[in-house]
J.: 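A single structure is presented below for examination.
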Amino acid sequence: MTPSLRHLRVFLAVLDRRSITAAARACHVSQPAASQAMARLEAEAGMALIHHGRDGSGPTEAGALFGRRVRRALGRLDLSLAGVAPRLVLTATRAQLQALIAVRDAQNFTRAAQRLGLAQPTVHRAVSQLESEAARPLFLRSGKRMEPTRAAQLLADAARLCFSELEQASAELADLAGREAGQIVIGAMPLSRSSVLPRVIADYRAKRPRIPLRIMDGPYDDLLSGLRRGEIDLLIGALRQPVPVPDVVQERLFTDDLVLVARPGHPLVTGRPDVAALARFPWIVPRADTPARAQFDHALDRLGGAAVTRPAMIECGSAVLMRELLTLSDHIGCISRLQASAEIALGALARLDVALPDTARAIGVTTRADWLPTAAQAQFMDSLRRLAAVPRPGA
């Protein structure tokens, strides 16, 4: 479903006033126009959203479900629109806001048009119409780039969250009709990709075989930004303390810690090496901007590492690259116990008998504070909570 914002406003007015005629007056449109808006919405939904009868126009079950989502979507959007210019609440269209988002992301009209599959003049005109209604520029030219103003940034974020909520509304209607629709977008940090997520996806696939799952990886800050903008539904990995921003919530699923690993047959695999012995070999460690690296540095100091020359280090966030380097050389790797568990169980890596103090960390899921999951998303969360607590062999 890609309903116009004007049709959605008419729909909410019908729910509030229990009458298409009263809704038409409230929205300043004719009664036939309001009736046509409802007809188009119901045609897109493939089901009745209101009861059509003499007793009024109360919502059907589908209409009540859809209305809850639409109120959330437009409530978030209208607050931002009014902050730019009150008139935009009445005049801004879906096409204009999609153009705004594309130009904000691409910082160029031509690339934005390519992403939308539209002609460049069409995208330029849509943004210009928004700027005309707002009576202020939303982008400032800087060389070949179009730099969004703060108002444009906030409005683009609100519009993206609005559209994400409307996509969830469509998915809920499809679920009510016994159809599969929508998708689940998961931001996956390294630990989850190698340990938790494969088991959860396999379990979920048995229950929801046709729901598309999209796994996104990347630096934590990028994934967090995607989560807050509505591009990602949930983020799985090491939790941050304190919570990084006030509009997300974190839920602990289990605890992990760091271990030192090397190839089987490495000189330090047998015995209990001290820091001086460890320092004679090059190391592969987490990147400097991660909680795991901070824990590693602290643990090394606790073990007496401050008194010896630090070994040569390779900073690496890829478990695959680490495994290959360890296999080909005498490097020592510092990695999550759960990430290493499968390789240790298969005999590809061996864990050194060195305890790293104070490296326990909470692993869990991060979501937007006001996130309202669909039935399919809630079922995925159930699988995640249940399987995350099951120890993996070799851990």
Side-chain angles (χ1 to χ4, degrees), residues 69 71-84 97 100-107 138 147-168 183-193 196-197 214-256 286-295 297-298 317 336 359-374 377-378 380-381 384-385 388:
R69 289 285 185 184
R71 286 190 198 281
R72 284 167 55 88
L74 294 187
R76 177 183 288 117
L77 176 64
D78 288 353
L79 189 63
S80 185
L81 286 170
V84 177
L97 294 172
L100 176 77
I101 293 169
V103 175
R104 190 279 303 269
D105 291 348
Q107 296 190 335
L138 295 174
E147 295 284 355
T149 63
R150 176 169 172 75
Q153 288 279 18
L154 295 175
L155 181 54
D157 286 344
R160 196 190 292 276
L161 282 169
C162 170
F163 295 148
S164 175
E165 195 76 44
L166 293 177
E167 288 172 4
Q168 290 186 299
Q183 66 174 344
I184 303 176
V185 184
I186 303 152
M189 287 181 276
L191 169 62
S192 66
R193 295 196 298 270
V196 181
L197 204 49
R214 184 179 174 197
I215 313 302
M216 299 182 67
D217 57 19
Y220 175 81
D221 288 344
D222 291 349
L223 294 177
L224 182 64
S225 294
L227 177 74
R228 298 176 70 196
R229 290 196 301 263
E231 298 170 339
I232 295 174
D233 295 312
L234 55 119
L235 177 57
I236 308 174
L239 302 183
R240 267 50 179 177
Q241 296 299 333
V243 177
V245 286
D247 57 349
V248 301
V249 293
Q250 299 184 143
E251 177 184 342
R252 179 189 171 281
L253 297 174
F254 59 91
T255 299
D256 188 28
R287 293 194 306 265
D289 59 348
T290 62
R293 176 59 181 276
Q295 290 180 312
D297 289 339
H298 176 70
S336 147
T359 62
R361 55 183 179 158
I363 309 300
V365 58
T366 305
T367 59
R368 292 186 298 279
D370 64 347
W371 185 49
L372 181 63
T374 63
Q377 291 167 341
F380 184 88
M381 289 290 289
L384 177 61
R385 292 183 179 108

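FYI, side chains are in, hydrogens and waters are out, and symmetry mates aren't considered; it's all heavy atoms of this structure.
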J.: Can you check whether Arg214 reaches Ile186 side chain to side chain, under 4.5 Å on heavy atoms?
T.: no
J.: Just jot down the side chain to side chain donor-acceptor pair (under 3.5 Å) partners of Arg252, sequence neighbours excluded, or say none.
T.: Thr255
J.: When you measure from the side chain of Thr290 to the backbone N and O of Arg287, does any donor-acceptor pair fall under 3.5 Å?
T.: yes
J.: Which value, rounded to the nearest 0.5 Å, describes the distance between Gln153 atom CD and Glu147 atom CD?
T.: 9.0 Å
J.: Please give me the minimum heavy-atom distance between Ala188 and Leu235, naming the atom from each residue.
T.: N-CD1, 4.4 Å
J.: In residues 154-167, what donor-acceptor pairs under 3.5 Å come from side-chain atoms, sequence neighbours left out?
T.:
unit_1, atom_1, unit_2, atom_2, d
Asp157, OD1, Arg104, NH1, 3.0
Asp157, OD1, Arg104, NH2, 3.2
Arg160, NE, Glu231, OE2, 3.4
Arg160, NH1, Glu231, OE2, 3.1
Arg160, NH2, Asp105, OD1, 3.1
Arg160, NH2, Asp105, OD2, 2.3
Ser164, OG, Gly230, O, 3.4
Glu165, OE1, Arg72, NH2, 3.4
Glu165, OE2, Arg69, NH1, 2.5
Glu165, OE2, Arg72, NE, 3.0

J.: Report the residues that fulfil side chain to side chain contact (heavy atoms under 4.5 Å, CB included) with Arg71, sequence neighbours left out, ordered by chain and then residue number.
T.: Leu12, Leu15, Asp16
J.: Would you list the atom pairs, donor with acceptor, under 3.5 Å between side chains in residues 361-371 and any protein atom, with sequence neighbours excluded?
T.:
unit_1, atom_1, unit_2, atom_2, d
Arg368, NH1, Leu227, O, 2.8
Arg368, NH1, Ile232, O, 3.0
Asp370, OD2, Arg76, NH2, 2.3

J.: Between atom CG of Asp289 and atom OH of Tyr220, what is the distance when rounded to the nearest 0.5 Å?
T.: 12.0 Å
J.: Would you confirm whether Gln250, through its side chain, and Val243, through its main-chain N or O, come within 3.5 Å as a donor-acceptor pair?
T.: no
J.: Does CD1 in Ile215 sit with more than 12 non-hydrogen atoms of other residues, nucleotides or ligands closer than 6.0 Å?
T.: yes
J.: How long is the span from the CD atom in Gln168 to the CD atom in Gln377, to the nearest 0.5 Å?
T.: 4.5 Å
J.: Do Gln107 and Pro148 have side chains that approach each other closer than 4.5 Å (heavy atoms only, starting at C-beta)?
T.: yes
J.: Of all residues at least two apart in sequence or in a different chain, which pass the salt bridge (charged side-chain N to carboxylate O under 4.0 Å, His left out) check with Asp247?
T.: Arg228
J.: Could you give the distance from CE (Met381) to CG (Asp233), rounded to the nearest 0.5 Å?
T.: 10.5 Å
J.: Could you walk me through whether Arg385 and Leu253 satisfy the side chain to side chain contact (heavy atoms under 4.5 Å, CB included) test, starting with their C-alpha distance in whole Å, then the side-chain angles of each, then the deciding distance to 0.1 Å, before giving a yes or no?
T.: CA-CA 6 Å; Arg385 292 183 179 108; Leu253 297 174; 4.1 Å; yes
J.: With rounding to the nearest 0.5 Å, note down the distance linking OG in Ser192 to CG in Asp256.
T.: 11.5 Å
J.: Taking only Lys NZ, Arg NE, NH1 and NH2, and the carboxylate oxygens of Asp or Glu, determine whether Arg293 and Asp297 approach each other closer than 4.0 Å.
T.: yes
J.: To the closest 0.5 Å, what do you measure between CG (Leu223) and CD1 (Ile236)?
T.: 11.0 Å
J.: Sequence neighbours excluded, which residues qualify as side chain to side chain donor-acceptor pair (under 3.5 Å) partners of Asp222?
T.: none
